[in-house]
J.: 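Submitted below is the structure of interest, expressed as structure tokens.
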Amino acid sequence: MANFSKSGVPRFSVDVYQNAYLPEGGSEVDAIVTVTATGGGTVGGAVTAPHLYGTGRGPDAAVAIMVDCSGSMDYPPTKMRGARDATAAAVDALRDGVHFAVIGGTHVAKEVYPGGGRLAVADATTRGQAKQALRKLGAGGGTAIGTWLRLADRLLSSADVTIRHGILLTDGRNEHESPEALKATLDACAGRFTCDARGVGTDWEVKEVTGVASALLGSADIVADPAGLAADFTRMMEAAMGKEVADVALRLWTPLGASVRFVKQVAPTVEELTDRRTEAGPRTGDYPTGSWGDESRDYHVCVEVPPAGLGQEMLAARVSLVVPQGDGGAQSLGAQGLVRAVWTDDLAASTSINPQVAHYTGQAELAQAIQQGLEARKAGDVDGATAKLGRAVQLAGASGNADTAKLLAKVVDVVDAAAGTVRLKAKVEEADEMTLETRSTKTVRVKK
């Protein structure tokens with residue numbers, strides 16, 4: 001384990017969990033890398049120390065709240081009311097000094113507050129003005145989420161801050177914009193700001209909302225009942241206010257002849273990072289992880305190494321944390337972990353699976369089984385859906401993922417959880433199915 005700390009800023013640490021022993025001829029090395037940030041100087045959402053890369057003048061963040069104002073938000077009217085109340089609650093959770101804006105989203109994006117292509121600076125007066133502006137928010141028009149994100153990007157980039165974050169709420173499908181246009185927007189915004197996305201009600205597309213959150217390294221969830229929006233928005237904003245360091249990258253160095261098979265976040269959610277690698281020097285690549293406050297996340301790293309003789313040992317990978325700089329360089333956060341490979345003829349040693357690796361391999365398979373099972377169910381493939389969702393029930397039980405097990409029980413009747421024997425329910429509430437799909441990537445931490 002290695003760590004990094006300065007007075008009043010987060011201390012980053014890296015821990016590596018693996019079975020380093022390979023059989024003769026073995027070449028695949030798996031490791032779980034736990035990254036933890038602690039002591040960032042936040043107490044109850046209030047900053048008690050200057051930001052690691054900020055000016056030291058106070059809060060170093062900007063937030064854009066994007067509220068769906070399309071016509072469907074009026075059906076039922078509680079959705080629009082809930083959205084206004086939730087946005088007001090989020091505004092109340094802003095720290096003094098944070099830059100912010102509220103955007104109304106339809107088939108075009110409009111500035112609700114403060115307007116004029118600028119951001120407001122949070123204090124009692126601007127929070128009051130923003131909530132006053134929200135009262136005029138009405139529903140009407142279509143849905144083009146990419147236009148909302150592009151306006152958020154323009155506004156957020158105007159602030160000289162380190163942390164840039166978006167909160168996006170939608171209740172419908174992205175019908176007034178092509179999937180290609182939305183993807184181009186997400187590609188353009190990736191790395192420029194992070195974004196949490198929420199779907200309210202049951203008329204939105206899960207893959208669109210989770211796709212926004214995934215591309216912009218934020219969280220995604222369903223709020224089936226509009227009455228729950230205010231509490232959810234408050235939690236999201238409090239989490240955003242706790243972020244202290246932006247644009248942290250997991251840097252992976254591998255020796256000559258070795259190659260990275262994959263890198264994925266496995267806790268608190270499963271998130272594939274392999275294709276997001278950017279080259280950072282000879283045999284070195286950076287994988288984006290977004291912004292950090294006081295928190296811990298786990299990553300599964302798999303490396304292919306050239307086979308070596310019995311008794312030989314090599315460094316399979318070096319893991320470190322950096323914040324890339326605009327000049328092409330990077331500031332190291334000091335924390336570092338080593339992934340090793342040792343070749344042995346001890347069968348017990350080389351065939352033992354590390355508990356952390358086994359746990360998260362199961363969690364990743366659980367997420368995939370749920371998604372494939374629900375796809376099969378929608379396609380009318382009863383046998384395929386039953387097999388996949390049965391496997392999901394089995395994995396959820398084995399790993400102690402009680403929350404996912406409860407969600408699965410609303411979609412299938414569980415006959416034997418340990419064996420994965422289930423029957424598809426004849427009638428399933430749409431909100432229950434969408435909740436299972438949206439939360440399928442949420443994992444439980446392994447007990448270390």
Side-chain angles (χ1 to χ4, degrees), residues 1-6 8-18 30-45 47-49 51-53 163 165 194 196 213-214 217-221 235-236 238-252 262-273 276 286-302 317-323 332-339 354-364 366-367 399-404 439 441-448:
M1 182 180 105
N3 57 55
F4 171 81
S5 176
K6 287 183 183 178
V9 297
R11 171 192 293 269
F12 281 85
S13 64
V14 172
D15 292 282
V16 175
Y17 301 90
Q18 66 161 140
D30 286 281
I32 297 300
V33 177
T34 297
V35 178
T36 305
T38 54
T42 57
V43 180
V47 172
T48 60
H51 188 281
L52 178 57
Y53 299 102
I163 306 287
H165 188 71
T194 54
D196 295 320
S214 175
L217 298 172
S219 66
D221 207 350
R235 284 192 297 270
M236 272 195 292
E238 286 173 347
M241 292 298 94
K243 300 299 183 184
E244 292 277 330
V245 183
D247 304 326
V248 175
L250 194 73
R251 175 163 287 185
L252 207 58
F262 63 77
V263 176
K264 63 176 77 170
Q265 178 183 285
V266 287
T269 58
V270 177
E271 191 66 65
E272 183 61 65
L273 299 177
R276 304 189 196 188
D286 288 348
Y287 300 85
T289 69
S291 302
W292 286 72
D294 281 10
E295 59 190 297
S296 182
R297 306 178 202 169
D298 291 338
Y299 299 87
H300 187 171
V301 172
C302 181
R318 182 186 296 115
V319 184
S320 58
L321 298 170
V322 299
V323 175
S332 171
L333 295 179
Q336 180 177 280
L338 304 177
V339 180
N354 176 269
Q356 281 82 2
V357 172
H359 174 84
Y360 286 123
T361 300
Q363 294 282 283
L366 170 60
S399 64
N401 197 328
D403 288 344
T404 299
R439 297 179 183 171
T441 59
K442 291 190 176 181
T443 57
V444 289
R445 300 297 293 272
V446 68
K447 290 183 175 67
K448 298 186 172 116

J.: Drop me the distance from T404's OG1 to K442's NZ, to the nearest 0.5 angstrom.
T.: 9.0 Å

J.: Output the distance between atom CG (D294) and atom NZ (K243), rounded to the nearest 0.5 Å.
T.: 10.0 Å

J.: Any chance you could lay out the side chain to side chain contact (heavy atoms under 4.5 Å, CB included) test for F12 and W292, step after step, and finish with the verdict?
T.: CA-CA 10 Å; F12 281 85; W292 286 72; 4.0 Å; yes

J.: Is there side-chain contact between V14 and V33, with heavy atoms separated by less than 4.5 Å?
T.: yes

J.: Donor-acceptor pairs are to be reported for all side-chain atoms of residues 263-273 against protein atoms at under 3.5 Å, with residues two or more places apart or in another chain.
T.:
residue: Q265; atom: NE2; partner: T269; partner atom: O; Å: 3.2
residue: Q265; atom: NE2; partner: T269; partner atom: OG1; Å: 3.1
residue: E271; atom: OE2; partner: S214; partner atom: OG; Å: 2.4
residue: E271; atom: OE2; partner: R276; partner atom: NH2; Å: 3.3
residue: E272; atom: OE2; partner: T274; partner atom: N; Å: 3.2
residue: E272; atom: OE2; partner: T274; partner atom: OG1; Å: 2.2

J.: If you round to the nearest 0.5 Å, how far is CE of M236 from CE of M241?
T.: 12.0 Å

J.: In sequence, state the C-alpha distance, the side-chain angles, and the governing distance for D221 and R439, and then conclude on side chain to side chain contact (heavy atoms under 4.5 Å, CB included).
T.: CA-CA 7 Å; D221 207 350; R439 297 179 183 171; 2.7 Å; yes

J.: Could you tell me which residues satisfy salt bridge (Lys or Arg N to Asp or Glu O under 4.0 Å) with R235, sequence neighbours excluded, listed by chain and number?
T.: D232

J.: Please list, chain by chain and in numerical order, all residues satisfying side chain to side chain contact (heavy atoms under 4.5 Å, CB included) with V444, sequence neighbours excluded.
T.: H359, Q363, N401

J.: How far apart are the C-alpha atoms of V339 and V319, what are their side-chain angles, what is the distance that settles it, and do they pass the side chain to side chain contact (heavy atoms under 4.5 Å, CB included) test?
T.: CA-CA 8 Å; V339 180; V319 184; 4.3 Å; yes

J.: Please identify each residue that fulfils side chain to side chain contact (heavy atoms under 4.5 Å, CB included) with S219, with sequence neighbours left out.
T.: D196, R198

J.: Locate the shortest heavy-atom distance separating G290 from T194; write the atom from each residue and the value.
T.: CA-CG2, 4.3 Å

J.: With a 4.5 Å cut-off on side-chain heavy atoms, are Y17 and V446 touching?
T.: no

J.: OG/S320 to CG/L252 distance, rounded to the nearest 0.5 angstrom?
T.: 8.5 Å

J.: Can you list everything that forms a side chain to side chain contact (heavy atoms under 4.5 Å, CB included) with D247? Sequence neighbours excluded, please.
T.: none

J.: My understanding is that only residues two or more places apart in sequence, or in another chain, count here; which of them pass salt bridge (Lys or Arg N to Asp or Glu O under 4.0 Å) with D286?
T.: R251

J.: For T36, what residues pass the side chain to side chain contact (heavy atoms under 4.5 Å, CB included) criterion, not counting sequence neighbours?
T.: S13, T34, T38, S296

J.: Any chance you could measure Y360, atom OH, to D298, atom CG, to the nearest 0.5 Å?
T.: 3.5 Å

J.: Apply side chain to side chain donor-acceptor pair (under 3.5 Å) to T443 and list each qualifying residue two or more places apart in sequence or on a separate chain.
T.: none

